[in-house]
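Handing you a structure now.
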Amino acid sequence: MTSRERFLAACVGEKLDRPPLWVMRQAGRYLPEYRALKAKSSFLEMVRTPALAAEVTLQPLRRFALDAAILFSDILVIPEALGQGYHFRDVGGIGMKYRLETRAQIDALAPASAVPERLRYVADTLAALKKELAGRQALLGFGGSPWTLATYMVEGGSSDEFERIKLLFYTDRSAFDALLEKLTAALIAYFKMQIAAGADAIQIFDSWGGIIAGPDYEAASLRWIRQIVAALPPTFPVILYAKGTAPHLLDQAFTGIRVLSVDWTNDLAMVRRTLPANVAVQGNLDPVLLNTTPEIVTREATRLLASMRGTTGHIFNLGHGIMPTAKIECMQALVDTVTGWK
Ligand code: CP3
């Protein structure tokens, strides 16, 4: 069985001898070969140049026996394609070119139909990767959720309190809905393009879903995700990752997604028992563990694997992205533990 077959089998809940493994942010700053490439090209250059983006995507697969490759890109290419560029602040975090403050600015964003052409480099990167992987590993595309993207656009970048986006949601619902509708349409066009270019699955990152008041999660985030899933081919595997949304796991599971990626605060075996069998789970080691020692990683990964023994529909991953300070030997211990599991 190839890694790709293993990954796709886990998505549909087939019985497997061990779960497939990939790691959120598996390409990135903890890898010396990534840092070497970044010394020569900026992040944005790497994202926009298919040969470079494909190379960075493949770096972790050359080193580790991972079952899936994830497109090297960023969720913020969507706001950029709509006319609101982004950069990295010197102090860390994201800065947007401007802050989205008025209804007129929302209406002035480019239409969703502009997205496939402006992000053609993503399709080119995926096509190059598809060829290179030759069906050995699964190829994952991704994008942000409409809500998570809207937070960056309305806050003007990374935020601590998310006051502006919440004010928009509570004081001008029609402008909020207009923005989220536009993002939803843009993401549908973007994901269709990724699927046509060869993506085997798509992960939607609702990274800021957890900052919404519980009773408002549906109106602020989940309904838009549901619209996206409904617009994609019916059996196509969509993975939903949302951080800090434990109270909403069941609602998330009923959006039509195939896989729910859960953060480290949940007990994954308990989540597995709670969710319907036709939804797979992905996760969920605490990323901080990869900053400890190989012995601790082996112990904790084994504990998670043992807790999931006998279940179906599990893709092994972290509960959020690997940190830039993660140790290579810890990542190696994780890969050895999961791929050697019996
Ligand atoms: O998983 C992968 O390997 C794919 C690559 C990937 C990146 N960003 C590359 C990246 C993915 C899936 C993302 C998604 C992303 N981008 C999210 C959602 C995922 C999550 O973690 O919840 C978000 C919120 C962003 C926005 C973003 N981009 C942030 C907050 C940052 C960090 C800014 C900082 O403070 O440094 C980025 C930059 C970024 N995206 C890097 C990488 C490898 C680091 C860039 C660098 O090399 O300096």
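When a residue number appears, it is its place in the shown sequence, counting from 1. Because the structure is a prediction, the values reported are computed rather than measured. All values below come from the heavy atoms of this structure, side chains included, with hydrogens, waters and symmetry mates left out. Both counts, for ligands and for their atoms, begin at 1 and track the order of listing.
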Heavy-atom contacts with Arg29 under 4.0 Å: which atoms of ligand 1 show up? List them by number with element. 36 (O), 44 (C), 46 (C), 47 (O), 48 (O)
Check whether the side chains of Ser307 and Arg272 place a donor and an acceptor atom closer than 3.5 Å, and report yes or no. no
Does Gly93 reach ligand 1 with a nitrogen or oxygen that is under 3.5 Å from one of the ligand's nitrogen or oxygen atoms? yes
Assign the ring pair Tyr30 / Phe64 to parallel, tilted or perpendicular, where the plane angle (0 to 90°) is split at 30° and 60°. parallel
Under 4.0 Å from a heavy atom of Ile70: which atoms of ligand 1 are those, numbered in the order shown and with their elements? 1 (O), 2 (C), 3 (O), 4 (C)
Would you please indicate yes or no on a ring centroid separation below 6.0 angstrom for Tyr86 and Tyr152? no
Near Gln227 CD, under 6.0 Å, is it more than 12 heavy atoms from other residues, nucleotides or ligands? yes
Indicate, as side chain, backbone, both or neither, the part of Lys38 found under 4.0 angstrom from ligand 1 when only non-hydrogen atoms are considered. side chain
Using a heavy-atom cut-off of under 4.0 Å, does the side chain or the backbone of Gln203 touch ligand 1, or both, or neither? neither
Just to check, does Leu71 reach to within less than 4.0 Å of ligand 1 when the distance is taken from its heavy atoms? yes
Tell me whether ligand 1 is touched by Ser73 - counting only heavy atoms on the residue side and a distance under 4.0 Å. yes
Under 6.0 Å between ring centres, would you say that holds for Phe72 and Phe43? yes
Ligand 1 contacted by Tyr34 (non-hydrogen, < 4.0 Å): yes
Just to be sure I read this right, does ligand 1 sit under 4.0 Å from the backbone of Trp208, its side chain, both, or neither, counting only heavy atoms? neither
Show which residues join Met323 in its hydrophobic cluster (side-chain heavy-atom contacts under 4.5 Å, direct or indirect), or state none. Val288
Within the structure, does Arg25 bring an N/O atom to less than 3.5 angstrom of an N/O atom in ligand 1? yes
Against Asp206, only a single residue in Tyr241, Tyr217, Trp147 fulfils side chain to side chain donor-acceptor pair (under 3.5 Å); can you say which? Tyr217
When you compare ligand 1 with Trp22, is there at least one nitrogen or oxygen pair between them that comes in under 3.5 angstrom? no
With backbone taken as N, CA, C and O and side chain as the heavy atoms from C-beta onward, which portion of Met24 lies under 4.0 Å from ligand 1: side chain, backbone, both, or neither? backbone
The atoms of ligand 1 lying under 4.0 Å from a heavy atom of Phe72, numbered in the order shown, are 43 (C)
Please determine which of Gln59, Lys38, Arg63, Arg62 meets the side chain to side chain donor-acceptor pair (under 3.5 Å) test together with Glu33. Arg63
Which of these passes side-chain contact (heavy atoms from CB on, under 4.5 Å) with Ile322: Leu290, Asn317, Asn291? Leu290
Region of Lys243 engaging ligand 1 - heavy atom pairs below 4.0 Å: neither
